[in-house]
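Each chain gets a letter, A, B and so on, in the order the sequences are listed, and its residues count up from 1.
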Amino acid sequence: MIEEKYAPHAIEKKWQQYWEDHKTFKTEIDKNKPKSYVLEMFPYPSGNLHMGHVRNYSIGDVVARFRTMKGFNVLHPMGWDSFGMPAENAAIQHGIPPKKWTLDNIANMRRQQKAMGLSYDWDREVTTCKEDYYRWTQWLFELFYKRGLAVKKRSSANWCDTCGTVLANEQVIDGKCWRCGHEVVKKQLDQWFFKITDYAEELLDDLALLKGWPERVKTMQRNWIGKSEGLEFSFDVPSLHEKLAVYTTRPDTIYGVTFVVVPPEHPLVEKLLKDNPKEKELRAFCDKVRNTSDIERTSSESEKVGMYTGVDCIHPLTGHKVHIWITNYVLYDYGTGAVMGVPTGDQRDWMFATKYGIEKIITLQPKDQVLSLDTMDHAYEDHDGVLVNSAQFTGMEMNKAMGAIIDYMEEKGLGKRKINYRLRDWLISRQRYWGAPIPIIYCPKCGEVLVPEDQLPVRLPEDVKFGDGSMSPLATSEEYLHCTCPKCGGPARRETDTMDTFICSSWYYLRYTDPHNEKAPFSKEANAYWGPVDQYIGGIEHAILHLLYSRFFLKVLRDAGLVDYDEPFTNLLTQGMVLKDGGKMSKSVGNVVSPEEILAKYGADTARLFILFAAPPERELEWSDQGVDGSFRFLNRVWRIVYHFEKVLAQQVTSYDTAKLDDADKDLRRALHATIKKVSEDVEERFNFNTAISSMMELVNAMYAYKDAKKEPNAGLIYETVKNLLLLLAPFVPHITEELWHGVINEKTSVHAQKWPAYDPAAIKVDNVEIVLQINGKNRDRLTVPAAATKADLEKLALADEKIKKLIGTAKVLKVICVPGRLVNIVAR
RNA sequence: GCGGUAGUGGCGGAACGGCAGACGCGCUAGCCUCAGGAGCUAGUGGGGGUUGACCCCAUGGAGGUUCAAAUCCUCUCUACCGCACCA
């Protein structure tokens, strides 16, 4: 029995309670079943779900429920990426302790997720800011440390003097502090790094293993790692008795070098400035440049400025003097940190040389053209052409010259072939409170000492002050700061930096496999069964950082013997953003649609259905309030048509004789089986949920047409149709289907415990198809032909068509192209 | 700037290189109703036309490949994502 009217709220509450009571989504290892690990990126607990979350979880839930119905043992967990700046800001601005703020937010968001009817195994929830989790984050830091992958290096951070705090890049707005507007400066600090560059080559190579990743994500990672092959060589700096090393990917242009540039951070700069008559001006210039961002420095738009140091070096091949400049347009942490300037081969160098009147020498020109400085107005940057003005290499083709010059330099001992990566080591130190403390102790006698494993976690103290000028809030807790050295027992102090939250999120997918383990981050056995993640789903904005860090982490754990596979995420689905009025939903624009309101108005099933229907998952999604109405209307249509057939269904006629079907029956049956086929393929192979839903809408339309066409419906066919419609809809709209299933199909079982339906190929077959007749690619007529017609049949039928004959007239038929089932194209002149 | 992606009716979107616009929204008309922000039926890219025939145009723009292009190639414009301390 079902109610006459669809009442989503009562139904949804009822079934959510039922699933919770019956632990419907609890997962255990079951070696008799194939496993499938379906994972959505865990959220930062900002306090409320936004539509991006709703989209992410709706997609994941369909995949998880679908795979369960397909017979997989599905792991589908949820947790919280709960360390980070917003909690600390809440503490600074409103005096709320970060822990309380975070846990309250988690409670609220968990409630919202539960209201969506998501099939999570909540017993596996992980929360990165809780001791039972960050204890293992610290343990993993120690693992990295022991393997030589966690090292200290000097590096700069954004610093605001007024607030007395380090600033994140996003807190620096136009070079000023976001809170006080004071000018931001760069401050040199000793900071911890993870040596991700040790894995650069493997991170690059193994992209080939990721067949289930979008090509664009792999391309972005490839470019981010940025492998290049080139030449490293040095210029002698006679006045300083030093060498200045440079790296270039264009050794073919080496004879065109007319200056060398270094950034203010370059180690040679101090020596260049010492006893320099222009020291004061140069220092002022360095200070200014030091505070500009990498994007500004590498932009070819922004102005290239520099100062000649007055110091010269010697070109290793020509012996000519070359000026050394300090500039704002090179990066200090790529290559050797110094760059050779070739005005005619690089547009940035061209602009710089033009501005400062530096000499230009043409050393490469196109094969069929002679370049002249008189007519050139920009650099010749093509990787093609012939060398000129290049001593014995003159006349050589660019591609050959590259190798020849490197060989020559190596032969003469002047330089060497070098592979470089754009990828930099991962700076993991944060001078903040709300993160996992780095488990290091500094002892005056023993130096840097790891906190022993059995003393983990290093707990976050609660008696800290924010923004009092200390490098890190943790330094303001006397109790935290002072400790005894684990080695010698003498007085020592703790590291006061915490870890980048990206570390917490680089291994959480492993913890889900064994979330309550107190002896290890996870057991090998649990992870061997569940890992790797079969389907990972999350925003495209994570295409590089999070996904690259996670890949790096897993490879280190593999090398440490903790896991036995190479990549954490076998398949990746990157979802697009949710937009409103063409733009990102944001509070400042005021176009935010609250999921909570949508749930309150229509219920979870409508919200889930709409967000899956409105666009394919990888594309951006334009939110439409009217579109939501449409989805709600569809669910009402489903409800009414099932209600209409309730008495027929109550007879429980579960079969029928296919030989006794009339045309209306056959049409409905064909529609049903075509829909099963379409939905199965769309969900399983392409994740095209929008077209899967549209085909189910067509099926419901066909059921209405059938209702009107037949006074006496075929009870068996109706039963089959309704039953399968509910099964197909179940992963998308789990509550309404559960209610209808219990009401008209089987009150003892859950629709979510059923097998996914199969279609009958014979039911889809049609006898005749309509094809298009074209002349010279233009549609001229249509023709109904037997579905089995061959190419030869089609050609004969097409050429016999009266209208076609008339249109061809006296023209000569040159060619006839036949595509069975689709068209015939007659080429006639 | 560099790297990546996307542009199709009034709107969201369909379309193995093979009938452009499925499905939904919106709109129009009719039916039903005391009533409707409910439901049902039909229509709905633009232009022409003998107005259920038929013809032409149309997938950001310009070229190209092909019997055939929204789809492949080149250039270009626009929007969005990432750029290493937001997560």
Output the single nucleotide from [options] whose closest atom is nearest the side chain of [X].
| X | options | result |
| --- | --- | --- |
| A:Asn701 | B:C57, B:C54, B:C23 | B:C23 |
| A:Gln626 | B:G24, B:C40, B:G26 | B:G26 |
| A:Leu423 | B:G3, B:A84, B:G13 | B:A84 |
| A:Met85 | B:A87, B:G39, B:G26 | B:A87 |
| A:Val819 | B:G18, B:A87, B:G24 | B:G18 |
| A:Ile817 | B:G37, B:G18, B:A6 | B:G18 |
| A:Arg432 | B:A87, B:G39, B:C85 | B:C85 |
| A:Trp224 | B:G37, B:A84, B:C40 | B:A84 |

When both hydrogen-bonding distances must be under 3.5 Å and the geometry is Watson-Crick or G-U wobble, what is [N] paired with, if anything?
| N | result |
| --- | --- |
| B:C23 | B:G12 |
| B:C32 | none |
| B:A53 | none |
| B:G82 | B:C2 |
| B:U65 | none |

Using atom [atom1] of each nucleotide, how far apart are [N] and [M] to the nearest Å?
| N | M | atom1 | result |
| --- | --- | --- | --- |
| B:C67 | B:A14 | P | 30 Å |
| B:U5 | B:G60 | C1' | 16 Å |
| B:G46 | B:G9 | C1' | 9 Å |

When the ring planes of [X] and [Y] are compared, do they come out parallel, tilted or perpendicular, using 30° and 60° as the limits?
| X | Y | value |
| --- | --- | --- |
| A:Trp101 | A:Tyr44 | tilted |
| A:Phe553 | A:Phe194 | tilted |
| A:His53 | A:Tyr57 | parallel |

Do [X] and [Y] have side-chain heavy atoms sitting under 4.5 Å apart?
| X | Y | result |
| --- | --- | --- |
| A:Val733 | A:Phe634 | no |
| A:Arg640 | A:Tyr704 | yes |
| A:Met351 | A:Gln347 | yes |

Residues A:Arg348 and A:Asp346 bridged, charged N to O under 4.0 Å: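 Yes, A:Arg348 and A:Asp346 are salt-bridged.
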SB check A:Glu681 A:Lys677 (cutoff 4.0 Å):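 The answer is yes: the pair qualifies as a salt bridge.
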Side-chain N or O of [X] versus OP1/OP2 of [N]: is the shortest distance under 4.0 Å?
| X | N | result |
| --- | --- | --- |
| A:Thr219 | B:G4 | no |
| A:Arg780 | B:C54 | no |
| A:Asn223 | B:G4 | yes |
| A:Arg640 | B:C40 | yes |
| A:Lys778 | B:C57 | yes |
| A:Arg422 | B:A84 | no |

Starting at [atom1] of [X] and ending at [atom2] of [N], how long is that distance when rounded to a whole Å?
| X | N | atom1 | atom2 | result |
| --- | --- | --- | --- | --- |
| A:Asn776 | B:A68 | CG | P | 8 Å |
| A:Tyr421 | B:A84 | OH | P | 22 Å |
| A:Phe194 | B:C85 | CZ | C1' | 15 Å |
| A:Lys678 | B:C23 | NZ | C1' | 10 Å |
| A:Phe687 | B:A14 | CZ | C1' | 20 Å |
| A:Phe634 | B:C25 | CZ | C1' | 15 Å |
| A:Trp623 | B:C80 | CH2 | P | 22 Å |
| A:Leu579 | B:C81 | CG | P | 8 Å |

Sugar-phosphate, base or nothing in reach of [X], heavy atoms under 4.0 Å:
| X | value |
| --- | --- |
| A:Pro616 | sugar-phosphate |
| A:Val166 | base |
| A:Leu167 | base |
| A:Arg430 | base |
| A:Lys803 | sugar-phosphate |
| A:His542 | base |
| A:Leu621 | nothing |
| A:Gln191 | base |
| A:Phe502 | base |
| A:Ala543 | nothing |

All N/O contacts under 3.5 Å from nucleotides 19-22 of chain B to the protein, with atom names and distances to one decimal?
residue: B:C19; atom: O3'; partner: A:Asn779; partner atom: ND2; Å: 3.2
residue: B:C19; atom: O2; partner: A:Arg782; partner atom: NH1; Å: 2.3
residue: B:C19; atom: O2; partner: A:Arg782; partner atom: NH2; Å: 3.2
residue: B:C19; atom: N3; partner: A:Arg782; partner atom: NH1; Å: 3.4

Closest-nucleotide ordering on RNA chain B, the 5'-leading residue of A:Ser631 and A:Asn688: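 It is A:Asn688 whose nearest nucleotide is closer to the 5' end.
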Closest-nucleotide ordering on RNA chain B, the 5'-leading residue of A:Lys601 and A:Gly627: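 First, find each residue's nearest nucleotide; the 5'-ward one identifies A:Gly627.
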Anti versus syn assignment for B:G26, with syn defined as within 90° of 0: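 Anti conformation here, the glycosidic angle of B:G26 being more than 90° from 0.
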Scan nucleotides 69-78 of chain B against the protein and return all N/O pairs shorter than 3.5 Å with their distances rounded to 0.1 Å.
none

With A:Trp507, the ring-ring contact (aromatic ring centres under 6.0 Å, His included) member among A:Tyr133, A:Tyr549, A:Phe42: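 Among A:Tyr133, A:Tyr549, A:Phe42, the one that satisfies the ring-ring contact (aromatic ring centres under 6.0 Å, His included) with A:Trp507 is A:Tyr133.
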Any donor-acceptor pair under 3.5 Å from A:Tyr329 side chain to A:Phe352 backbone: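 It does not hold such a pair.
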Test of ring centre spacing under 6.0 Å for A:Phe610 and A:Tyr602: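 No, ring centres 6.0 Å or more apart.
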A:Phe502 and A:Trp426 aromatic centres sub-6.0 Å: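 Ring-ring flag for A:Phe502/A:Trp426: false, centres at least 6.0 Å apart.
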Enclosure of A:Glu3 CD (heavy-atom neighbours >12, cutoff 6.0 Å):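 Incorrect, the count does not exceed 12.
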Heavy atoms of other groups near A:Lys152 NZ, more than 12 under 6.0 Å: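 Yes, because the 6.0 Å sphere around NZ of A:Lys152 holds more than 12 heavy atoms from other groups.
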hbond_proxy A:Asn825 side chain to B:C67 base (donor-acceptor, 3.5 Å cutoff):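 Under the 3.5 Å cut-off, the side chain and the base do form a donor-acceptor pair.
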Side-chain-base donor-acceptor pair under 3.5 Å for A:Gln431 and B:C85: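 By the distance-only test, yes, there is a pair.
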